[in-house]
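Working notes, structure below.
Sequence lines set the chain letters: A, B, ... in the order given, protein chains first and strands last, and positions in each chain run from 1. Note that this is a predicted model, so its numbers are computed, not measured.
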Amino acid sequence: MREMQTTYNPKEFEDRIYGEWVSRGYFTAKVDPAKVPFTVMMPPPNITGQLHMGHAMDETMQDTIVRFKRMQGYSVLWLPGTDHASIATEVKIVDQMKKEGLSKEQLGREEFLRRAWAWKEKYGGRIVEQLKKLGSSCDWSRLAFTMDERCSNAVREAFFRLYEKGLVYRGSRIINWCPGCKTALSDAEVEYSEDAGFFWYIRYPVEGEEEFLIVATTRPETMFGDTAVAVNPSDKRFSRYVGKTLRLPLTDRTIPVVADGYVDPEFGTGAVKITPAHDPNDFEVGLRHNLPVVRVMNDDGTMNELAGEYAGLDRYEARKRAVAALEAQGLLVKVEPHKHNVGHCYRCRSTVEPIVSKQWFVKMAPLAKPAIEAVMKNKTKFVPDRFAKIYYNWLENIRDWCISRQLWWGHRIPVWYCDDCGETICAKDTPTVCPKCGSARLTQDEDVLDTWFSSALWPFSTLGWPDCTEDFSYFYPTDALVTGYDIIPFWVMRMMFSGLEYTGKVPFRDVLIHGLVRDEQGRKMSKSLGNGIDPLEVIDRYGADSLRLSLLTGVAPGNDTRYTDAKVEAARNFINKLWNAARFVVMNAKDVSVPDLGTVRLQPADRWIISRLQTCIRETTLSMQKYDLGIAADKLVDFVRNDFCDWYIELSKPALYGDDGEKKRGALGVLLFVLDSALRLLHPFIPFVTEEIYSCLPGREGSIMVAEYPRYNARLAYKKEAKAFEGVIELIKTVRAMKVAVNCPPAKKVRLFLVTEGRRLVNANKSAVLRLAGASEIEFVSDGSEAGEKTVSQVCGLCHVFIPLGELVNLEEEKKRLEKELDRVMGEIARAGGKLSNVNFIAKAPKKLVEDERAKLEKYIDMKAKIEKQISEL
RNA sequence: GGGGGCGUAGCUCAGUUGGUUAGAGCGUUUGCUUGACAUGCAAGAGGUCACAGAUUCGAGUUCUGUCGUCCCCACCA
C-alpha cells in the first residue's frame with residue numbers, strides 16, 4: 001500500500017503502471033473455452049507518420065470497450081497492428097529521396113524496398129509507443145503488420161481464390177490515373193473539389209462543307225484523342241449532321257458525328273467531343289459506337305507522340321499551346337470561365353487523369369450483394385444505424401474495383417507471365433515452370449495491390465486465416481469494429497464482402513462509427529492548415545486519462561467533436577477531484593478494508609449513497625452495452641462528483657469525526673465500498689489513475705484491470721429509504737439557500753425551527769443537517785410562530801423551515817423572494833391542474849403518472865398556502 | 001442531381017424507448033482559506049429546444065414542409 005500524494009500527478013505513475021500491466025500479461029488474450037470471447041481488431045494506423053487526435057479518440061473508444069468487457073469476464077482479444085499503406089508510404093519515401101536528389105528508378109526496386117522496410121521499422125515502432133502512452137490494452141504478443149508473413153499469405157490466398165472463381169480479371173478500362181504517383185487509383189481514392197477552369201468553344205469543320213460544329217470543352221488538350229463528336233438523337237438542330245465527318249483541328253484526322261442519348265442538348269453547345277481514352281463517359285459512348293480508343297498522354301502527364309507536335313509537353317503546357325493554335329486558325333469561338341469538379345489524388349493531390357489502362361479489377365456485383373444482405377438481415381449492425389444507409393449507397397452503386405497499383409511498396413500481384421508462350425499463371429507459391437509449355441522463363445507481374453486489398457482481410461488474416469488456427473476458430477468473427485465514418489467505403493465495406501466471401505461469415509457483429517476530431521474552430525485538423533494537435537503533447541501536459549476522458553464526454557456516436565484544451569482541463573479537474581476524494585477516504589481508513597456490506601450497520605445516508613451507486617451501476621452498464629460511452633462517462637462523473645464527493649463525503653464527516661465507533665466504522669466501510677466500485681466503473685475510461693488509487697486502497701491486492709466490473713444488486717437498491725433521504729438533502733439545500741437569500745454569512749450558525757412529520761428522519765441525520773446546513777440547533781415545532789416574531793421561512797418537501805434571524809432579515813428582499821417563490825408554485829399548480837383536468841390525460845396516461853401528478857398538485861397547493869401566510873405575516 | 005448530419009443557456013455540446021420543474025462543462029454573478037480538493041466549496045442568473053404545421057392526453061424527442069449550415073456521393077463534356 002502506497003501513501004497518496006497530495007496532488008494528482010499522472011506523470012508519476014502512468015508509464016510505470018503500463019509497464020506493470022504488460023509484464024503481468026494482462027493484455028494477452030487466451031483461448032479459454034470456459035469463457036466467451038470478445039474480439040476487436042484495431043484499425044491499423046498507417047506507418048506513414050504518427051498518431052493524431054482522431055487516432056487518440058478511436059483507440060480510446062476501443063480500449064474503453066475492451067477493458068469493460070474484460071472486467072465483465074470475457075476472454076478479450078484486442079489485436080493491434082499497423083498498415084503498410086502502400087501508396088501513402090511510397091509517396092513519403094519518394095519525397096524523402098527527392099531531398100537527397102534520388103529517384104525510385106535510380107535506386108531500383110530492391111534498394112527501394114530496403115528503404116521502405118527501414119521506414120516501417122522506424123515509424124511502426126513509433127506508433128506502438130504512442131499507443132502505449134494512451135494506455136491501450138491491446139495484445140502486443142499478436143501485433144500484426146499488413147505485410148508480415150501471415151497477412152501476405154492471406155493476401156495471396158485471397159487473390160488466388162478470386163482468380164479461380166473468375167472474380168478478378170485483367171483488362172483495359174478507364175481508370176483514375178495519378179500522374180504524380182504514376183499509378184492507377186480506385187474510385188474511392190479520388191477526391192473531388194470544385195476548381196475554377198474554362199470552357200473553350202471550338203469549331204470542328206464539317207468535311208466537304210463550309211459549316212462547323214461547335215463543341216465546348218474544359219480540356220482542349222485531349223482533343224488529339226477525339227474519335228467522334230456526339231449529339232443527342234432527338235436534337236433537331238444537329239440531326240442532319242449525324243453520320244457526317246468532321247475534320248479534327250490541329251490534326252490531319254477526321255472523325256464521325258454520332259447520336260447518343262448521353263448528350264444533354266441543354267448543356268454547352270449540345271455537341272460533345274468524344275475522347276474514349278480520357279473520359280469515363282466518353283469511353284462508354286465509344287463502346288456503344290465502336291469508336292477507336294486513342295490515348296494521347298503518357299504516364300507522367302505529358303503528351304505522347306499521337307499529339308503530334310505537342311508530344312513531350314506537359315498536359316497544361318500542351319493545353320495552352322493548342323488553344324493558341326486554335327485561336328490563330330480562327331477555330332476558337334470563345335472562352336468562358338467555368339467552375340467544375342476536378343478529381344485529385346488523395347495522397348499527392350495531383351489532378352487525376354481518367355486514362356485507359358490495362359489493370360487488374362475485382363468484379364464487384366457478386367460480392368456486393370451478400371454484403372448488402374448481411375446488414376439488411378442485421379448480421380452486422382451499424383451504430384448509429386444511419387450509417388447503414390451510407391454503406392448501402394456505396395455498395396449499390398459500386399463499380400469494379402481497380403486493385404493494381406504501379407508501385408513497389410506493397411503486396412506484389414501473385415501472377416506470372418510465361419515469356420515463351422504468354423500464359424498467365426496465378427499461384428499462391430512462386431511457380432518455377434509454365435504449366436502450359438514447361439518453360440522456366442516466367443516473369444511476375446510488376447504491380448502491387450491496392451493497400452486496401454490487404455486491409456480488407458484484416459479481421460481474419462491476423463488470426464492466421466486461411467489456416468484454421470486456434471485463434472481463428474475461437475476469436476472469429478470479431479465482435480466490434482470501431483472506426484470513423486470517413487473510411488466506411490475504403491475499409492468497412494471491403495472487410496464485409498471479403499469476410500463473407502472468404503470465411504462465409506460477417507467479419508464483425510457491430511460497427512461503431514465515430515466522427516472526426518476537429519480543431520477549436522470546427523475545422524478539420526490537417527497538415528496544410530497546421531492546426532493539428534499532437535495527442536502526446538496533450539498527454540504530457542495533462543496525462544493520458546484526462547485526454548481520454550475529454551475525448552469521450554459530451555460526444556454522441558457518429559458526430560464530429562471539437563478538441564479544446566478547456567475540455568481536457570475539465571477532465572483533469574474531475575480526476576483531481578476523484579484523486580482527492582480517494583485521498584480523503586484512504587487517509588481515514590488506514591486500518592479498514594473494503595467491507596462486505598452485510599456486516600455493516602447502515603445509516604440513512606449510507607443507504608442513500610449505496611442506492612445511488614446501484615442506479616449508477618445499472619445505467620452505466622446499460623449505456624456501455626449500447627456503446628453510449630459518452631453517456632456512461634457523464635453518468636459516472638456525475639455520480640462521483642455530485643453524489644459521492646459533494647454529498648456523501650460531507651455527510652460521512654460527522655460519523656468519521658464523532659465518538660460512535662460503530663458509526664465511524666460503518667461510514668468508513670461505505671466510503672471504501674463506494675469508492676472501490678466507482679473506481680472499477682471508471683477504470684475503462686481512466687485506467688491509469690483508477691489503477692493507482694486502487695493500489696492505495698487498504699486490503700486491495702492485484703490489479704483493477706482484472707477486477708470484476710460492479711454488478712447491480714437489487715438488495716442494495718434501498719429505493720424507499722433513498723427517496724426519503726432525498727428529503728434531508730432538500731432540507732439542507734433549502735436552509736443554505738435561505739441563508740444566502742437574506743445575506744446571512746455562511747459561517748454564522750442559525751437555529752432551525754421545523755414543522756414536519758419527518759421528525760425521525762431529521763433526527764437520524766441531525767448531525768449531518770447541522771453541519772451541512774450551517775445550523776446550531778434544530779427544534780421541532782407545531783407552528784412557525786414558535787420560532788419568534790421575525791422569521792424567514794421556506795417550504796420544502798420534508799418540512800416547513802423557520803429561521804429566526806432578527807435584524808439580519810431584510811424584509812423587502814424576503815418579500816420579493818417569497819413572491820418569486822409563489823409565482824413558481826402557482827405556475828406548477830396551473831400546469832399540474834391543467835393536466836389533471838384533462839379527461840384524456842386521466843383516461844389514457846399511465847396510472848402511476850396520474851397519481852404522481854395528483855400528489856404533486858397537492859404538495860404545491862399546500863406550499864402555496866404556506867407561502868401566502870408567510871407573506872401576509874410580513 | 002441523390003443522400004445524410006447539425007440548428008437546445010454567452011460558448012462547446014449531451015439529451016437513451018415521447019412522460020416530474022430540459023441538463024453538463026466552460027464562462028458569468030454573489031459569498032466563502034468550511035479539518036480531501038481554490039485543479040476547490042455554497043448559492044444564483046441565463047433556454048418560446050431554428051420556424052410553420054401534423055399526430056398524441058402529452059413532442060426537444062415522431063411525421064410533413066420551410067429556412068440556415070456542414071458533410072458525403074454522383075460528375076453536364
Side-chain angles (χ1 to χ4, degrees), chain A residues 4 6-8 187 192 199 215-219 222 230 262-264 266-269 271-275 279-282 285 340-343 386-387 389-390 392-394 397 485-486 488-489 515-516 520 522 524 542 550 553-556 558-562 564 566-567 569-588 619 622-623 626 628 630-631 634 637-638 645-646 649-650 653 656-657 733 736-741 743-747 771-772 774 824 827-828 831-832 835 838-846 848-850 852-853 855-856:
Chain A
M4 286 184 74
T6 43
T7 30
Y8 161 60
D187 294 339
Y192 290 87
F199 231 165
V215 301
T217 180
T218 55
R219 307 179 57 219
T222 63
Y262 153 72
V263 180
D264 175 2
E266 305 294 318
F267 191 81
T269 62
V272 189
K273 67 194 238 2
I274 299 299
T275 323
D279 182 283
N281 291 307
D282 292 7
V285 175
H340 60 145
N341 276 339
V342 178
R386 68 180 131 94
F387 289 103
K389 282 190 205 164
I390 294 176
Y392 293 140
N393 201 272
W394 265 94
N397 301 303
Y485 58 71
D486 51 331
I488 291 173
L516 270 35
E520 207 140 337
K524 219 165 160 170
Y542 298 99
S550 75
T553 41
V555 181
N559 283 8
D560 290 354
T561 180
R562 299 186 193 201
T564 61
K567 265 189 213 166
E569 232 163 83
R572 193 269 319 266
N573 292 353
F574 166 73
I575 294 170
N576 184 62
K577 182 140 192 101
L578 173 69
W579 179 269
N580 276 292
R583 198 161 65 88
F584 171 81
V585 175
V586 171
M587 265 169 25
N588 283 290
E619 291 181 350
L622 219 67
S623 297
K626 288 194 287 183
D628 277 331
I631 292 176
D634 273 350
V637 168
D638 187 64
C645 293
D646 290 351
I649 285 185
E650 295 307 323
K653 282 178 182 173
L656 243 40
Y657 303 142
K733 291 183 104 167
R736 284 171 175 173
M738 287 166 76
K739 289 177 72 177
V740 170
N743 296 321
C744 170
R771 184 187 179 91
L772 300 194
R824 188 182 72 88
E828 287 305 320
R831 192 193 51 76
K835 259 191 177 173
N838 181 338
V839 283
N840 282 319
F841 176 71
I842 307 280
K844 295 186 184 175
K848 168 98 170 65
L849 213 62
V850 178
D852 284 356
E853 209 58 50
K856 238 183 291 169

For this session: Considering only atom C1', compute the distance from B/G46 to B/A22 and round it to an integer number of Å.
Result: 14 Å
Problem set entry | Nearest-angstrom distance from the residue atom CZ of A/Arg583 to P of B/G35 | 13 Å
Exercise. What is the nucleic acid contact for A/Asp279, judged by heavy atoms within less than 4.0 Å: base, sugar-phosphate only, or nothing?
Worked result: nothing
Exercise. Given B/A36, is OP1 or OP2 found less than 4.0 Å from the side-chain N or O atoms of A/Tyr657?
Worked result: yes
Exercise. Quick one: does A/Asn559's side chain get under 4.5 Å of A/Val555's, heavy atoms only?
Worked result: no
Problem set entry | Contacts of type ring pair (Phe, Tyr, Trp, His ring centres under 6.0 Å), residue A/Phe199, not counting sequence neighbours | A/Tyr201, A/Phe267, A/His338
Exercise. Taking for each residue the nucleotide of RNA chain B bearing the nearest heavy atom, is the 5' side occupied by A/Asp634 or by A/Lys389?
Worked result: A/Lys389
Problem set entry | Separation of B/G35 C1' from A/Asn588 CG (nearest whole Å) | 10 Å
Problem set entry | Spacing of the P atoms in B/U61 and B/C51 (rounded, Å) | 11 Å
For this session: Specify the separation, in whole Å, of atom CD1 of A/Ile631 and atom C1' of B/U17.
Result: 12 Å
Problem set entry | Close side-chain approach of A/Tyr8 to A/Asn580, heavy-atom, < 4.5 Å | no
For this session: Please work out if A/Pro846 contacts a base, only the sugar-phosphate, or nothing of the nucleic acid, heavy-atom cut-off 4.0 Å.
Result: base
Problem set entry | Student check: side-chain heavy atoms of A/Lys626 and A/Ile631 closer than 4.5 Å | no
For this session: To the nearest Å, give me how far apart CD (A/Glu520) and C1' (B/C13) are.
Result: 14 Å
Exercise. Taking only side-chain nitrogens and oxygens of A/Asn573, does any of them come within less than 4.0 Å of OP1 or OP2 of B/G40?
Worked result: yes
Exercise. Should A/Asn559 be listed as having a side-chain N or O under 4.0 Å from OP1 or OP2 of B/A14?
Worked result: yes
Exercise. A/Asn397 near the nucleic acid: base, sugar-phosphate alone, or nothing, with a heavy-atom cut-off under 4.0 Å?
Worked result: nothing
Problem set entry | Gap between atoms CZ and P, on A/Phe574 and B/A24 respectively (whole Å) | 15 Å
Exercise. Roughly how far apart, to the nearest Å, are B/U12 and B/U34 at atom C1'?
Worked result: 33 Å
Exercise. If you measure from the C1' atom in B/U64 to the same atom in B/A59, how many Å do you get, rounded?
Worked result: 15 Å
For this session: Report the distance from atom CD of A/Glu569 to atom P of B/G40, rounded to the nearest whole Å.
Result: 10 Å
For this session: Please state whether the base of B/U39 and the side chain of A/Arg572 form at least one donor-acceptor pair under 3.5 Å?
Result: yes
Exercise. Do A/Asn341 and B/C75 share a donor-acceptor pair, side chain to base, under 3.5 Å?
Worked result: yes
Exercise. Reckon A/Val272 touches a base, only the sugar-phosphate, or nothing at all at heavy-atom distances under 4.0 Å?
Worked result: base
Exercise. Does a side chain donor of either A/Tyr485 or A/Asp560 reach within less than 3.5 Å of an acceptor in the other side chain?
Worked result: yes
Exercise. How long is the line joining CD of A/Glu650 and P of B/U34, in whole Å?
Worked result: 12 Å
Exercise. How would you label the contact of A/Ala581 with the nucleic acid (heavy atoms, under 4.0 Å): base, sugar-phosphate, or nothing?
Worked result: base
Problem set entry | Intra- and inter-strand pairs of RNA chain B in dot-bracket (Watson-Crick or G-U wobble, both distances under 3.5 Å; | for another strand) | (((((((..((((.....[...)))).(((((.......))))).....(((((..]....))))))))))))....
Exercise. When rounded to the nearest Å, what value does the distance between P atoms of B/G4 and B/U62 take?
Worked result: 14 Å
Exercise. Say you pick atom C1' in B/G68 and the same atom in B/G58; how far apart are they, in whole Å?
Worked result: 30 Å
For this session: For the residue pair A/Asp646 and A/Lys577, establish whether any side-chain heavy-atom pair is separated by less than 4.5 Å.
Result: yes
For this session: Take atom P in B/U30 and the same atom in B/U17, then report the distance between them in whole Å.
Result: 42 Å
For this session: Could you measure between the two P atoms, the one in B/A45 and the one in B/U29, and give it in whole Å?
Result: 15 Å
Problem set entry | Among B/C73, B/C75, B/U16, the nucleotide that comes nearest once only the side chain of A/Tyr192 is considered | B/C75
For this session: Could you tell me whether A/Trp394 contacts a base, only the sugar-phosphate backbone, or nothing, with contacts defined as non-hydrogen atoms closer than 4.0 Å?
Result: sugar-phosphate
Exercise. If you look at every strand shown and take non-hydrogen atoms under 4.0 Å, does A/Ala216 touch a base, only sugar-phosphate, or nothing?
Worked result: base
Problem set entry | Atom-to-atom span, CG of A/Leu578 to P of B/C37 - whole angstrom | 15 Å
Problem set entry | 5' precedence on RNA chain B between A/Asn838 and A/Thr7 (nearest-nucleotide basis) | A/Thr7
